[in-house]
There are 2 protein chains.
Amino acid sequence: MEQIAFSYNEIHQTVAELAARITSSDYDPEVIVAIGTGGYIPARIIKTFLKLPIYTVGISLYLEDHTTLPSPRKIQWIDEVEQKLEGKRILLVDEVDDSRTTLEYCIRELLAHSPAALSVAVLHNKNKEKRGVIPAEVAHYWAGQELPDAWIKYPWDAVDIVQHDQAADAKAVPADA
Amino acid sequence: MEQIAFSYNEIHQTVAELAARITSSDYDPEVIVAIGTGGYIPARIIKTFLKLPIYTVGISLYLEDHTTLPSPRKIQWIDEVEQKLEGKRILLVDEVDDSRTTLEYCIRELLAHSPAALSVAVLHNKNKEKRGVIPAEVAHYWAGQELPDAWIKYPWDAVDIVQHDQAADAKAVPADA
């Protein structure tokens with residue numbers, strides 16, 4: 001499978017552009033909900049631009065042996081979520097929209113707690129057949145970048161960040177190529 | 001006040017070194033607890049090396065107008081924290097040990113839930129007079145780097161990451177200077 005590596009600064013720029021699109025939209029979020037652990041870093045960066053509090057939810061689609069679970073498992077859910085999100089305009093943040101299963105699961109769980117509105121922002125959307133759907137109640141869906149169905153290598157997963165950046169650089173198409 | 005800027009890759013390397021020190025110690029953590037929102041990024045990176053689940057707690061010492069609160073306020077606390085952390089060896093992660101107030105607050109709250117053990121890892125410790133203390137029950141305290149009492153500029157707070165990196169580069173002392 002094709003691999004696409006992104007450096008931290010590329011991720012930061014993608015978040016900055018995403019935040020600009022959100023800010024210039026008609027959606028005015030009040031709280032960020034980060035899907036852990038992939039959404040922690042994008043959510044923390046987007047906070048710099050949107051200046052909103054972050055709540056986190058921990059979700060896993062995999063067991064420790066990398067077996068895929070039939071449905072996502074809650075690692076951590078929001079304490080007093082009902083009170084904190086009820087009537088709020090949520091921005092749900094994750095790193096990637098892959099099969100869409102985790103995203104749909106989180107969206108439905110959050111919608112059950114009566115937010116005023118819910119929109120979704122992901123760094124990357126993989127253009128592939130999806131197993132989950134974005135429910136009609138979702139006000140906006142923003143993806144920082146549309147990508148092919150590749151193996152996305154995030155900088156925070158790098159054991160060797162120098163080697164990782166070489167892979168990220170190799171991907172870049174020169175502007176005057 | 002002196003400013004010290006760090007690039008993402010410098011942070012990543014500091015976490016890698018911190019993780020190596022933790023791995024080679026006699027402490028064998030089972031869960032990471034990230035103090036939000038500063039600890040989200042260091043915790044997510046350390047997970048790459050330690051391969052442990054992350055729980056997050058959201059704490060704020062400041063109001064939205066930047067007024068300092070007399071004691072930290074819980075933004076989000078761990079759902080079912082008692083069951084999930086009881087009997088576990090915790091690694092508590094934050095980005096910076098500044099006045100030590102937030103850290104002491106989190107440590108005491110977590111210790112109240114009967115973990116088997118608790119150790120602390122921060123990216124940076126500021127060498128200054130501390131208002132909080134590290135309780136004696138804490139097994140280990142690791143700081144990735146010891147810093148003077150400066151204004152630390154983290155990459156995730158950068159509105160302009162290119163400008164930020166110039167400041168981070170300017171700080172670097174050439175190896176053959």
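Lettering follows sequence order; numbering is per chain, from 1. Fair warning: this is a prediction, and the values are worked out from it, not measured in the lab.
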Other residues, nucleotides, ligands: >12 heavy atoms within 6.0 Å of B:Gln3 CD: yes

Partner of A:Tyr40 by side chain to side chain contact (heavy atoms under 4.5 Å, CB included), out of B:Ile54, B:Thr37, B:Ile41: B:Ile54

Any donor-acceptor N/O pair, A:His12 side chain to B:Tyr8 backbone, under 3.5 Å: no

Chain A contact via B:Asp165 - side chain, backbone, both or neither, heavy atoms under 4.5 Å: side chain

Distance in Å, B:Trp156 CH2 paired with A:Arg44 CZ, rounded so as to fall on 0.5 Å steps: 7.5 Å

Top contributor to chain A interface from B:Ile11, B:Ile45, B:Asp157 [non-hydrogen pairs under 4.5 Å]: B:Asp157

Linked, directly or transitively: A:Ile4 and A:Val96 (ILVMFWY side chains, under 4.5 Å): yes

Cluster overlap A:Val15 with A:Leu147, hydrophobic side-chain contacts below 4.5 Å: yes

Same apolar cluster (I L V M F W Y, side chains within < 4.5 Å links), A:Val122/A:Leu111: yes

Atom CD of B:Glu146: over 12 foreign heavy atoms under 6.0 Å: yes

Check: A:Ala158 main-chain N/O paired with B:Thr48 side-chain donor or acceptor under 3.5 Å: no

Part of B:Lys51 lying under 4.5 Å from any heavy atom of chain A: neither

Same cluster (ILVMFWY, side-chain, under 4.5 Å), A:Val93 and A:Ile107: no

Segment of B:Ala34 engaging chain A (4.5 angstrom heavy-atom cut-off): neither

